[in-house]
Amino acid sequence: MLKSKAKWIFSNQDLSDDEQIHPIPTVNQLLIERGIKNKEEMNDYLHPKIEELHNPELFDQMKKALDRINQAIESEEQIMIYGDYDADGVSSTTLLYEALIERDALVSFSIPNRFTEGYGLNNEALKKIHLDDYTLVITVDNGISSVSEAKYAKEIGLDLIITDHHEAQGEIPDAFALIHPKLSPDYPFKELAGVGVAFKLAEGILGYFPEHLLQYVAIGTIADLVPLEDENRILVYHGLKKLEENSNIGLKALIELTQIKGPITEEHIGFQIGPRINAVGRLQSAHLAVELLLSDNDEEAIRISEEIEELNKKRQEIVNEIVKEAESRVDPKSGVIILYDENWHEGVLGIAASRIVSLYDRPVILLNYNKESNTLKGSARSIPAFDLFKNCMQIRELFNQFGGHAQAAGMSFDYDQLENIQSQLNTMIFQQLKPADFKAEINITQSIPLEDLSEELVINLEQLAPFGMNNPKPVFHVSGKPSQVRQIGSEKNHLKIQYHTGKEQIDVVAFRLGELYNFITNHAELEVVGELGINEWNGNRTVQIIADDLAVNEPQVFDYRGKKQRTNLTPYFNHYQDIVIVEQKNTSDNTPNHIMKTTYHSDDTIKEEIDLLIISDMPEREEDLIKLLSQIRTKSILVNYDLFEKKLSHIPNRDDFKNLYTFIIKEKSVDMKTKMNLVTKQFNWSREQVIFMILVFIELEFIQSANGVVTINPNSDKKDLTEAIHYQKELEKEKIESKFYYSGLDDLKEFLFENIMLS
């Protein structure tokens, strides 16, 4: 069997007859799970209305902020937008810049360099802004933790308006105005992204609802992984429609470069557009990304987008290298994995940490070590069961800088604090979580027969888009015997699986699960959980599942009969913990500690419950294998044997024996040393067959032999050939080979698991 990597949680929603608000049961279930109670609510949900958005004036200090901005515009003061280097910060900066330009404001933007300045406001930047004659600074997607910086701004005469959505860490900055949904009791929705807050401010600045800026809201909101519900759902829904009408030259160039076909979806932003924008700030100054979005020149836009594409490729290479190095250093006993390296690129550590989390189901902190300052700085990603922000805030004094969310954070601290932080976080996580809590969870909408998968179903499910946090794309469970399984990708690290329902072909693509190839057979039910989509290739459209996880929950036989010399067992040695290998004779080669070798006639005590049994040699007797199987419990067996080593091509039949016996009678005595060739040619027998028949005759005392000369024994009793042990052994070998080598896999599997101790 193949265990799932994650814990599968099936929806237990009990739907009564009066809850049918949508004609398709699967869509109906999803709507009810999202709290939709009637058809009116369903229509609002499936067709979000701009009119349902909340009034920006409900923000605390919005009026104060707008009055100050209007004053600056009228007085021709210079305004500085201070952004952040991720996709949310870049889109926030671009959006607010365009809104202020529309009001003819004197405005510029600044985004800190994450390597030289770090996240958020800093006094050096504020000092320079002040010296350059700016009088008003507006932050977007940052500022809530800038307590000392806000104080400094006031001291040097800079008015500071903070717009942010990140968690407050205690003391609130003393800014001229603070626009923050979670610090505004009257504002109904608390989960806006930084770009959502900036959009609300822009709406106030412009005095009307700026639909043309919604495309930026869609990018920043999706990329920042905030909940796609309430206002965020409405903003993204309409923002994606604006992207379809896209008039932004820079975005057009970037979209063409990514070869996105058809309407822009949340997945295009999440996996193609957002990562490319993020790549700029991860590897250099994010100013380049804002310049792309603000570009009004086709040639410039193409040049910048190509530069961004190269940065993204470089980012992918760096991440892969860090993940490979980090994997080799992981201590799986650690509750929170903390790793550092002097050469790790600080800008991509969050992405690399996410990859390590998915591999080990542990919170991960990856850090760059600065030898000169003896400090560590990096990013963290967590698992759903462990609130990283809350727990790190309990030891906030150990960090020089810290900020983030429940599942993601950034921090820096002195190297001397590493051991203390590791110890404290390990203590916290082991106190709060049981072993089962570490395993990732996949919430499954429902199990669905392969025959029910259709293009129509996929199209109807897309009505629930845009998908994201708190509105996850539905995950389905299917099961069946695959018609084909193969590894794909240049490094064979992905899987392509096909099911056939009789009339339809269902494709499954399992990214980064290529190592499971050896553990999937087409004789066992393969269970897949994943998201549904449509794959279009050469004009053909098929339902496709993008797999999140795979499992085989029935006993499995891995069939390598006849391939013993060519079989690489390393994947099985690495995958399974307790392995027993059974042979005819014990070989003395070195094997890992978790592998036990035994023979059919050994008195070794075998561990009762094992993960894998490898039958490396066929038994000489069926009862020997039955005895072995009865001692163990396993659901995975690998057969890896060849035919018996034997000299006979086939056992001579009774007529052959009769002809040889008659020949000896006729000759009276036969010197086999001189007449062997005559006998083999006359009867078309092999030398081995002649020797075998003579040995059987001698054992049954039908003939006698002296110095290679055989003669008839006149005093022999009548006996059947099967009484000879030589004959019995050859018959048994044929029987064993027929049953265990030439049999079909289904028959072999049935025999093995009928005799094994399964329970």
Side-chain angles (χ1 to χ4, degrees), residues 44 48-74 79-84 88-89 91-105 107 109 136-144 159-168 172-173 175-222 224 226-242:
D44 288 342
K49 298 178 180 64
I50 285 175
E51 295 75 30
E52 298 296 322
L53 292 170
H54 308 306
N55 191 331
E57 293 178 6
L58 294 174
F59 276 97
D60 274 15
Q61 303 185 32
M62 178 62 83
K63 185 177 185 305
K64 184 179 182 183
L66 291 175
D67 286 346
R68 179 66 186 91
I69 292 168
N70 287 328
Q71 177 191 336
I73 294 171
E74 291 165 9
I79 303 171
M80 177 63 74
I81 301 170
Y82 195 89
D84 186 26
D88 189 13
S91 53
S92 302
T93 302
T94 306
L95 182 152
L96 192 57
Y97 182 88
E98 287 196 3
L100 287 167
I101 287 293
E102 193 174 327
R103 285 285 310 276
D104 295 324
V107 60
F109 66 88
L136 176 61
V137 176
I138 307 173
T139 73
V140 288
D141 194 35
N142 73 95
I144 190 60
D159 284 339
L160 176 65
I161 296 174
I162 292 174
T163 77
D164 201 356
H165 72 121
H166 292 95
E167 298 285 348
I172 305 300
F176 180 88
L178 181 60
I179 312 296
H180 195 299
K182 292 180 180 175
L183 299 177
S184 298
D186 293 334
Y187 198 79
F189 185 59
K190 308 299 183 183
E191 301 297 335
L192 287 169
V195 70
V197 180
F199 181 81
K200 294 291 179 176
L201 180 63
E203 184 179 353
I205 291 169
L206 295 170
Y208 69 92
F209 187 80
E211 284 192 53
H212 61 291
L213 299 179
L214 283 173
Q215 57 191 350
Y216 303 126
V217 184
I219 292 170
T221 301
I222 292 168
D224 213 50
V226 292
L228 283 192
E229 57 188 6
D230 200 286
E231 279 198 298
N232 286 340
R233 177 174 173 80
I234 299 170
L235 291 167
V236 170
Y237 179 88
H238 290 281
L240 289 172
K241 290 187 179 299
K242 283 296 170 187

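In this chain, numbering begins with 1 at the start of the sequence shown.
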A side-chain contact here means heavy atoms from C-beta on lying under 4.5 Å apart; do [X] and [Y] qualify?
| X | Y | value |
| --- | --- | --- |
| K200 | I179 | no |
| T94 | F109 | no |
| L228 | T221 | yes |
| V137 | D159 | no |
| E191 | D230 | no |
| L206 | R103 | yes |
| D84 | S92 | no |

As an exercise, state the distance from [atom1] of [X] to [atom2] of [Y], rounded to the nearest 0.5 Å.
| X | Y | atom1 | atom2 | answer |
| --- | --- | --- | --- | --- |
| E51 | D44 | CD | CG | 10.5 Å |
| L96 | I69 | CG | CD1 | 7.0 Å |
| D186 | E57 | CG | CD | 12.0 Å |
| N70 | I205 | CG | CD1 | 7.5 Å |
| N55 | E203 | CG | CD | 7.0 Å |
| K242 | E211 | NZ | CD | 5.0 Å |

Review point. Looking at Y187, is K190 sitting on its ring face, NZ or CZ under 6.0 Å from the six-membered ring centre and within 45 degrees of the normal?
Key: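 So K190 doesn't make the cation-pi contact.
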Grab the two heavy atoms, one from [X] and one from [Y], that are nearest each other, plus how far apart they are.
| X | Y | answer |
| --- | --- | --- |
| A99 | L213 | CB-CD1, 4.2 Å |
| A218 | L240 | CB-N, 4.0 Å |
| F59 | H180 | CE2-C, 3.8 Å |
| A105 | I73 | CB-CG1, 3.7 Å |
| Q215 | H212 | NE2-O, 3.7 Å |
| L183 | L178 | CD1-CD2, 3.5 Å |

Exercise for review: Kindly indicate, with the supporting measurements, whether the criterion side chain to side chain contact (heavy atoms under 4.5 Å, CB included) is fulfilled by L136 and I161.
Suggested key: CA-CA 8 Å; L136 176 61; I161 296 174; 3.9 Å; yes
Review point. Counting only heavy atoms not in K63, do more than 12 fall under 6.0 Å of its NZ?
Key: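 Not more than 12 within 6.0 Å, no.
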Point to revise | Exceeds 12 heavy-atom contacts within 6.0 angstrom, atom CD of E102 | key: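 For E102, atom CD is crowded (more than 12 foreign heavy atoms under 6.0 Å).
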Given 3.5 Å as the limit, does a donor-acceptor pair link the side chain of [X] with the main chain of [Y], or not?
| X | Y | answer |
| --- | --- | --- |
| D67 | A65 | no |
| D164 | G143 | yes |
| N142 | Y82 | yes |
| S91 | V217 | no |

Check your understanding: When you look at I79 and L100, which way does the side chain to side chain contact (heavy atoms under 4.5 Å, CB included) test go after all the steps?
Key -> CA-CA 9 Å; I79 303 171; L100 287 167; 4.3 Å; yes
Exercise for review: Please work out whether the ring planes of F189 and H54 are parallel, tilted or perpendicular, with thresholds of 30° and 60°.
Suggested key: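 Correct class here is tilted.
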Practice item. Would you sort out whether I138 and F176 count as a side chain to side chain contact (heavy atoms under 4.5 Å, CB included), showing the intermediate values? Key: CA-CA 10 Å; I138 307 173; F176 180 88; over 6 Å; no
Point to revise | Residue pair L66, L201: steps toward the side chain to side chain contact (heavy atoms under 4.5 Å, CB included) verdict | key: CA-CA 8 Å; L66 291 175; L201 180 63; 3.9 Å; yes
Exercise for review: Have a look at K182 and tell me which of E167, H166, H165 forms a side-chain hydrogen bond (donor to acceptor under 3.5 Å, both in side chains) with it.
Suggested key: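 For K182, the side-chain hydrogen bond (donor to acceptor under 3.5 Å, both in side chains) test succeeds with only one of E167, H166, H165, which is E167.
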